[in-house]
Amino acid sequence: MSDLALSTVKLLLIDDENHSLKLMEAILKQAGYEKITTTTDPRQAVSLYQEVKPDLIATDMRMPHMDGFEVMRQLTAVIPAEDYVPILVITGELDAPTKHRALAEGAKDFLNKPVDATEVVLRIKNQLVTRQLHRQLR
C-alpha cells in the first residue's frame with residue numbers, strides 16, 4: 001500500500017477448518033503480512049475484534065455454532081459506524097444467493113474456495129487501500 005506497511009496491518013481470519021486458516025496464513029505471510037490472528041471458533045469473532053482491532057476481517061460462511069451471516073451481524077454491531085473495517089467472505093459456498101446475501105449484509109468482497117493466492121492478496125490489498133483512504137478522509 002502507498003504509505004502503510006503491510007507488516008503493520010492487522011488481519012482477523014475466521015474459519016472452522018484449520019487447514020484453510022494455515023493456507024491463508026501462509027499466503028498472507030508470503031505477501032508481507034505479519035499480524036494475523038486466526039480462530040476456528042466463530043463465537044470468538046467479536047472478542048477477537050475488540051482485542052485485536054483488525055484492519056480487515058475474513059470469514060467463512062458455513063461453520064458450526066454460528067454461520068458467516070451471524071458473524072457479520074455481530075461484528076457490524078460492534079464496529080463503530082464511522083469506521084471502515086472491510087469484511088471479506090472466503091467460502092466454499094458457490095451458489096449465487098449466498099454470495100448476493102453476503103454482499104447485501106455487509107461483506108465488502110466475496111471469494112470462493114479454493115482461493116487463488118494472487119487474487120486473495122490483491123483483493124485484500126484493494127480493501128485495505130479503501131480503508132486507508134476512508135481513514136484519511138475522516
Side-chain angles (χ1 to χ4, degrees):
M1 293 186 334
S2 55
D3 61 348
L4 182 62
L6 295 182
S7 62
T8 66
V9 170
K10 294 179 280 186
L11 304 174
L12 173 57
L13 309 178
I14 306 160
D15 195 316
D16 63 309
E17 296 177 8
N18 198 47
H19 68 276
S20 292
L21 288 174
K22 295 295 182 197
L23 174 62
M24 282 294 296
E25 239 182 323
I27 290 168
L28 294 169
K29 284 186 177 191
Q30 185 174 4
Y33 297 95
E34 296 175 10
K35 297 181 179 187
I36 303 169
T37 302
T38 65
T39 185
T40 56
D41 187 348
R43 297 171 294 184
Q44 296 179 342
V46 170
S47 63
L48 285 172
Y49 165 77
Q50 292 169 329
E51 177 186 329
V52 174
K53 297 292 186 210
D55 297 294
L56 179 137
I57 301 162
T59 186
D60 189 12
M61 289 305 293
R62 184 167 293 194
M63 299 176 284
H65 309 294
M66 183 184 306
D67 66 15
F69 297 115
E70 183 60 26
V71 169
M72 288 191 300
R73 269 191 295 281
Q74 289 188 12
L75 286 169
T76 54
V78 297
I79 295 171
E82 68 277 0
D83 204 359
Y84 178 85
V85 180
I87 298 174
L88 171 65
V89 170
I90 303 175
T91 185
E93 300 296 312
L94 302 175
D95 62 295
T98 297
K99 180 178 186 175
H100 298 161
R101 181 177 169 200
L103 292 168
E105 292 188 21
K108 300 300 181 200
D109 206 349
F110 191 99
L111 285 169
N112 290 114
K113 293 179 186 176
V115 296
D116 173 276
T118 302
E119 183 177 13
V120 76
V121 168
L122 291 172
R123 287 183 185 237
I124 285 174
K125 181 182 176 197
N126 289 344
Q127 289 300 324
L128 292 168
V129 167
T130 302
R131 175 173 165 77
Q132 182 181 17
L133 293 171
H134 182 273
R135 295 180 94 185
Q136 287 173 353
L137 287 173
R138 272 193 326 171

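Hydrogens, waters and symmetry mates are skipped; everything else that's a heavy atom, side chains included, is used. Please read these numbers as outputs of a predicted model, since none were measured by experiment.
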Establish whether Leu11 and Leu48 are linked, either directly or via other cluster members, by ILVMFWY side-chain heavy-atom contacts under 4.5 Å.
-> no
For residues Asp55 and Arg135, determine if any side-chain heavy atom of one lies less than 4.5 Å from a side-chain heavy atom of the other.
-> yes
Taking the side chain as every heavy atom from C-beta outward, state whether Thr130 and Lys108 have any pair of such atoms under 4.5 Å apart.
-> no
Treat each ILVMFWY residue as a node, draw an edge where side-chain heavy atoms are under 4.5 Å apart, and state whether Leu88 and Met72 are in one component.
-> no
Please check if atom CZ in Arg62 has more than 12 non-hydrogen atoms from other residues, nucleotides or ligands closer than 6.0 Å.
-> no
If we only count heavy atoms from C-beta on, is the Met63 to Ile14 side-chain gap below 4.5 Å?
-> yes
Is Gln50 atom CD crowded by more than 12 heavy atoms from other residues, nucleotides or ligands, each under 6.0 Å away?
-> yes
Step-by-step side chain to side chain contact (heavy atoms under 4.5 Å, CB included) determination, Glu119 to Leu111 = CA-CA 9 Å; Glu119 183 177 13; Leu111 285 169; 3.5 Å; yes
With a 4.5 Å limit on heavy-atom distance, are the side chains of Gln127 and Ile87 in contact?
-> no
Mind checking whether Val85 and Arg131 have side chains closer than 4.5 Å, heavy atoms only?
-> yes
If we only count heavy atoms from C-beta on, is the Val71 to Thr59 side-chain gap below 4.5 Å?
-> yes
Quick one: do Val46 and Tyr49 end up in the same hydrophobic cluster if we chain Ile, Leu, Val, Met, Phe, Trp and Tyr together by side-chain heavy atoms under 4.5 Å apart?
-> yes
Under a single-linkage definition using a 4.5 Å side-chain heavy-atom cutoff for Ile, Leu, Val, Met, Phe, Trp and Tyr, are Leu12 and Phe110 assigned to the same hydrophobic cluster?
-> yes
Could you check Lys113 against Ile90 for side chain to side chain contact (heavy atoms under 4.5 Å, CB included), going step by step and ending with a plain yes or no?
-> CA-CA 7 Å; Lys113 293 179 186 176; Ile90 303 175; 4.0 Å; yes
Cluster partners of Tyr84, using ILVMFWY side-chain heavy atoms under 4.5 angstrom, listed by chain and number?
-> none
Please walk me through it: do His19 and Leu23 pass side chain to side chain contact (heavy atoms under 4.5 Å, CB included)?
-> CA-CA 6 Å; His19 68 276; Leu23 174 62; over 6 Å; no
State the NZ-CG distance between Lys29 and Leu6, to the nearest 0.5 angstrom.
-> 14.0 Å
Heavy-atom nearest pair, Phe69 first then Ala102, reads CE2-N, 3.6 Å
Report yes if the side chains of Leu128 and Tyr33 come closer than 4.5 Å at any heavy-atom pair, otherwise no.
-> yes
Over all atoms of both residues, closest heavy-atom pair of Pro64 and Pro42 = O-CG, 3.5 Å
Check whether Ile36 and Ile57 end up in the same hydrophobic cluster, where Ile, Leu, Val, Met, Phe, Trp and Tyr are linked by side-chain heavy atoms less than 4.5 Å apart.
-> no
Nearest-0.5 Å distance, OG1 of residue Thr37 to CD of residue Gln44 | 11.0 Å
Any donor-acceptor N or O pair under 3.5 Å, side chains Thr40, Asp16 | no
Quick one: OG1 on Thr8 to CD on Glu34, what's the gap to the nearest 0.5 Å?
-> 9.0 Å
Calculate, to the nearest 0.5 Å, the distance between atoms CD1 and NZ belonging to Ile79 and Lys53 respectively.
-> 9.0 Å
With a 4.5 Å limit on heavy-atom distance, are the side chains of Met24 and Asp15 in contact?
-> no
CG-CD distance between Asp60 and Glu93, expressed to the nearest 0.5 angstrom | 7.5 Å
Could you walk me through whether Val9 and Ile124 pass side chain to side chain contact (heavy atoms under 4.5 Å, CB included), step by step?
-> CA-CA 11 Å; Val9 170; Ile124 285 174; over 6 Å; no
Which pair of heavy atoms, one from Leu13 and one from Glu25, lies closest together, and at what distance?
-> CD1-N, 4.4 Å
Could you grab the distance from atom NE2 of His134 to atom CG of Asp83, nearest 0.5 Å is fine?
-> 7.0 Å
